[in-house]
Amino acid sequence: MFTEKFYEVLNHEGVVSIVTCSNNEAHVANTWNSYLIIAEGNKILIPAAAMIKTEENVNANPKVKLTLGSKEVMGYNYMGTGFLIEGTAKFLKDGDNFNLMKEKCPFLTRTLEITVTSCKQTL
């Protein structure tokens with residue numbers, strides 16, 4: 001599901017936008033490419049220290065969208081490319097994926113685990 005180009009983007013810093021929605025209102029939280037960890041089963045792990053509204057929305061509606069990119073990676077026609085990720089999310093407070101993230105990001109209080117259903121290059 002994840003292409004070489006996607007992994008190349010993750011090797012460069014850039015902003016990741018996490019979009020959730022509940023009660024007909026979208027909410028956007030941000031993190032960095034370097035914080036994303038790809039786990040087995042098409043999962044993306046993201047450290048969560050705050051993300052209070054994001055967690056409230058995920059508890060009501062687990063569907064999420066992420067965008068990420070880098071101007072340092074060649075896109076379809078010019079430098080710079082990005083991806084739109086769609087999937088379902090949940091917050092972990094224990095377990096293997098939580099522990100994996102806690103080792104890499106000791107500041108987290110929870111791990112946002114996204115099971116990816118679609119990964120599309122946008123630029």
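Not measured: the values here are computed from a predicted model.
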Under the side chain to side chain contact (heavy atoms under 4.5 Å, CB included) test against Thr20, which residue among Val28, Asn57, Asn61 passes?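 Exactly one candidate clears the test, Asn57.
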
- prompt: Is there a side-chain contact (heavy atoms from CB on, under 4.5 Å) between Ile38 and Leu10 once you walk through the steps?
  reply: CA-CA 10 Å; Ile38 307 303; Leu10 287 184; 3.9 Å; yes

Identify the heavy atoms of [X] and [Y] that sit nearest to each other, and give their distance.
{"X": "Ser118", "Y": "Lys120", "answer": "OG-CE, 3.4 Å"}
{"X": "Pro47", "Y": "Tyr35", "answer": "CD-O, 3.4 Å"}
{"X": "Cys21", "Y": "Ala26", "answer": "SG-N, 4.0 Å"}
{"X": "Met101", "Y": "Ile46", "answer": "CE-C, 4.0 Å"}
{"X": "Trp32", "Y": "Val16", "answer": "C-CG2, 3.7 Å"}

| Steps toward side-chain contact (heavy atoms from CB on, under 4.5 Å) verdict (Leu45, Leu36) | CA-CA 6 Å; Leu45 307 177; Leu36 274 61; over 6 Å; no

So, taking the atom named [atom1] in [X] and the one named [atom2] in [Y], what distance separates them when rounded to the nearest 0.5 Å?
{"X": "Cys105", "Y": "Ile37", "atom1": "SG", "atom2": "CD1", "value": "6.5 Å"}
{"X": "Asp94", "Y": "Asn99", "atom1": "CG", "atom2": "CG", "value": "8.0 Å"}
{"X": "Lys65", "Y": "Ser17", "atom1": "NZ", "atom2": "OG", "value": "13.0 Å"}
{"X": "Ile18", "Y": "Ile114", "atom1": "CD1", "atom2": "CD1", "value": "6.0 Å"}
{"X": "Lys104", "Y": "Ser34", "atom1": "NZ", "atom2": "OG", "value": "11.5 Å"}
{"X": "Lys102", "Y": "Phe107", "atom1": "NZ", "atom2": "CZ", "value": "9.0 Å"}

_For Met51 and Arg110: C-alpha separation, side-chain torsions, deciding distance, then whether side-chain contact (heavy atoms from CB on, under 4.5 Å) applies._
CA-CA 9 Å; Met51 294 193 190; Arg110 289 137 21 261; 4.1 Å; yes

Just distance, no hydrogens or angles: give the donor-acceptor pairs under 3.5 Å from side chains in residues 81-93, sequence neighbours left out.
| residue | atom | partner | partner atom | Å |
| --- | --- | --- | --- | --- |
| Thr81 | OG1 | Gln121 | NE2 | 2.9 |
| Thr81 | OG1 | Leu123 | O | 2.8 |

When you compare the side chain of Val19 with that of His27, does any pair of heavy atoms fall below 4.5 Å?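 A side-chain contact under 4.5 Å is absent here.
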
Practice problem: Any chance you could lay out the side-chain contact (heavy atoms from CB on, under 4.5 Å) test for Leu68 and Val9, step after step, and finish with the verdict? | Solution: CA-CA 8 Å; Leu68 61 113; Val9 166; 3.5 Å; yes

Short side-chain to backbone donor-acceptor contact, Thr111 and Glu113, under 3.5 Å: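 It does not hold such a pair.
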
**Item:** Met1 with Tyr7, same ILVMFWY side-chain cluster at under 4.5 Å
**Value:** yes

> Does atom CG of Asn23 have more than 12 heavy-atom neighbours, drawn from other residues, nucleotides or ligands, at distances under 6.0 Å?
Replying inline: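 Not more than 12 within 6.0 Å, no.
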
For Lys5, is the NZ atom crowded, meaning more than 12 foreign heavy atoms sit under 6.0 Å from it?
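Correct, the count exceeds 12.
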
Are a donor atom and an acceptor atom from the side chains of Asn33 and Glu13 found within less than 3.5 Å of each other? no

